[in-house]
Amino acid sequence: MKNACIIGFGAIAPVHADALERCENARLYAICDTNTACLDTAGKKYNVITYTNYTEMLKNPNIDTVHICTPHYLHKEMSVNAMLAGKDVVLEKPAAMNRKELAELVSVQKATGKHVCLMMQNRTNAGIVKMKELCNNGELGKITGIFGSLTWNRTARYYQNSSWRGRYDTEGGSLLINQAVHLLDLFGYFGDGIKSVRAISAAMQLDNIIETEDTACAIINLGNGVHGCFFATNTYTADEPFRLELRFGNALLRYADARLYKITDENTEILVNDTVLRDGKKYWGAGHYSVINQFYNSLENGGSYISLDSGLNTMNALFALYESSAMTHTKTIKAVPGPTVSDIK
Ligand SMILES: NC(=O)c1ccc[n+]([C@@H]2O[C@H](COP(=O)([O-])OP(=O)(O)OC[C@H]3O[C@@H](n4cnc5c(N)ncnc54)[C@H](O)[C@@H]3O)[C@@H](O)[C@H]2O)c1
């Protein structure tokens, strides 16, 4: 039984706390937040030790694992310090804000041999698991095309009420690194990795509010030789569950409305109705518990989990999207896409 702590008790942390309550091989032991009001409330609710200083918390020898649920600019520093203190890590996405931070994170992980689980929860949505199974068993043939879209709503107030969102130095970007990174991850997951990207991104609606992007589209060249079409925006009026389509010769698998459809000329069939997230937003996907549970089962009994390593291609593709779109901060949408960026490991 592992003793887990959570650093940062904002929007996503209750989903981790809820998952830990359901895990056989872990329990929530401590939480840390610099905001004492939310720390006190959470400390009482979960009846655990509280800290305002995470480096103090890392000195506690009873703590085995650290869940990092803080703003993006703290991910690398906190993960590195947790590993150096001998703890395994569950890291919220993104793993890091740029290539330099990612390289440091990977090098400390390799040097310490600690386990790092990366929260890419949509891989474990029941509908996505079924999609993977159908791809692997080959019954539909080869994938000939991939399309994915994410249409969410992030208002001016969402950014104005947050000290770290909407800025490169603290969020590292916005739409792509924060919301659409999960969708990007699935392109590589189903396409045998991402080889190169060509992208355009801009702040098309919130250009007076954020210095980062709210809309992006890209052509994503995949390891299986197929190219994917990717579109994402935070400017929609509502938060729709993301859509992912895999096209085969005679069928289409469509994950949309948190359902998996199999569509042929003759028939449209619902293969899976996904479960709904407890303690969180439905459109986030319901896979957090599976990711966390798999991680603790793996620490206890061996077996695989969603590791930092398995997310490196996605992270490098993410940075490539930014490099390709080479976003200007002007109000004009660039008519010509940036260069193709192919240096993706
Ligand atoms: N996987 C998902 O579905 C999902 C969903 C939402 C957010 N996230 C990710 O979770 C992370 C947190 O996002 P959020 O929306 O919960 O943010 P948030 O702003 O709501 O919460 C962050 C918390 O961290 C605390 N914090 C800041 N600095 C700290 C420090 N030095 N020590 C301790 N605590 C500190 C803040 O006080 C705040 O309570 C981000 O990486 C985000 O991308 C993931």
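Order of listing sets the numbers, starting from 1, for every ligand and every atom in it. In this text, all values refer to a predicted model and were calculated from it rather than measured experimentally. For the numbers below, each heavy atom of this structure counts, side chains included, while hydrogens, waters and symmetry mates do not. Quick note: residue numbers are just sequence positions, from 1.
By the 4.0 Å N-to-carboxylate-O rule, Arg254 lies close enough to Glu245 to be salt-bridged with it.
Close approach of ligand 1 to His182 is summarised as follows: ligand atoms under 4.0 Å from at least one heavy atom of the residue are 1 (N), 2 (C). Of all atoms in ligand 1, numbered sequentially from 1 with element shown, those under 4.0 Å from a heavy atom of Gln121 are 1 (N), 2 (C), 3 (O). Atoms of ligand 1 lying under 4.0 Å from at least one heavy atom of His75, given by number and element, are 41 (O). Here is the list of ligand 1 atoms found below 4.0 Å of a heavy atom in Asn178: 43 (O). The atoms of ligand 1 that sit less than 4.0 Å from any heavy atom of Asn35 are 37 (O). Short contacts between ligand 1 and Gly10, defined as distances under 4.0 Å to a heavy atom of the residue, involve ligand atoms 16 (O), 20 (O), 21 (O), 23 (C), 39 (O).
An N or O contact shorter than 3.5 Å is missing between Pro94 and ligand 1 by distance. At least one N or O atom of His72, backbone or side chain, sits closer than 3.5 Å to an N or O atom of ligand 1.
Counting heavy atoms closer than 4.0 Å to ligand 1, residue Cys69 contributes backbone atoms (N, CA, C, O) but none from C-beta onward. Counting heavy atoms under 4.0 Å from ligand 1, residue Leu74 touches it through the side chain alone. Using a 4.0 Å cut-off between heavy atoms, Phe9 contacts ligand 1 through its backbone alone, with no side-chain atom that close. When non-hydrogen atoms are compared, ligand 1 lies under 4.0 Å from the backbone of Lys93 as well as from its side chain.
Nearest-residue assignment for atom 30 (C) of ligand 1 (options Ile12, Thr34, Ile68; heavy-atom criterion): Thr34. Scanning Asp33, Ile7, Val181 for the heavy atom closest to atom 36 (C) of ligand 1 points to Asp33. Of the listed residues (His288, Glu77, Glu92, Met119), the one carrying the non-hydrogen atom nearest atom 44 (C) of ligand 1 is Glu92. Among Gln179, His67, Arg165, the residue whose heavy atom lies nearest to atom 14 (P) of ligand 1 is Arg165.
Remark: Asn47 CG is loosely packed, at most 12 non-hydrogen atoms of other residues, nucleotides or ligands lying under 6.0 Å away. The local environment of CD in Glu139 is crowded, with over 12 non-hydrogen atoms from other residues, nucleotides or ligands closer than 6.0 Å.
Judged by the shortest distance from any of its heavy atoms, Pro71 lies inside the 4.0 Å radius around the atoms of ligand 1. Heavy-atom distances between Met78 and ligand 1 reach below 4.0 Å in at least one pair.
Remark: the backbone N or O of Gln294 is not paired with any side-chain donor or acceptor of Ser298 at under 3.5 angstrom. Using a distance-only test at 3.5 Å, with no hydrogens or angles considered, no donor-acceptor pair links the side chain of Glu92 to the main chain of Thr70. Formation of a donor-acceptor pair under 3.5 Å by the Gln121 side chain with backbone atoms of Val291 is not found in this model. Proximity of a side-chain donor or acceptor of Asn313 to a complementary backbone N or O of Ile194 within less than 3.5 Å is detected.
With sequence neighbours excluded, the residues that form a side-chain contact (heavy atoms from CB on, under 4.5 Å) with His227 are Ile219, Asn221, Cys229.
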* salt bridge (charged side-chain N to carboxylate O under 4.0 Å, His left out) between Arg123 and Asp185, intermediate numbers included -> CA-CA 8 Å; Arg123 288 189 211 172; Asp185 181 60; 2.8 Å; yes

* Check the pair Asp40 / Lys44 against salt bridge (charged side-chain N to carboxylate O under 4.0 Å, His left out), numbers first and verdict last. => CA-CA 6 Å; Asp40 287 348; Lys44 285 192 186 101; 5.3 Å; no

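Criterion: ILVMFWY side-chain heavy atoms under 4.5 Å apart, direct or through other members. Under it, Ile210 and Tyr158 are part of a common hydrophobic cluster.
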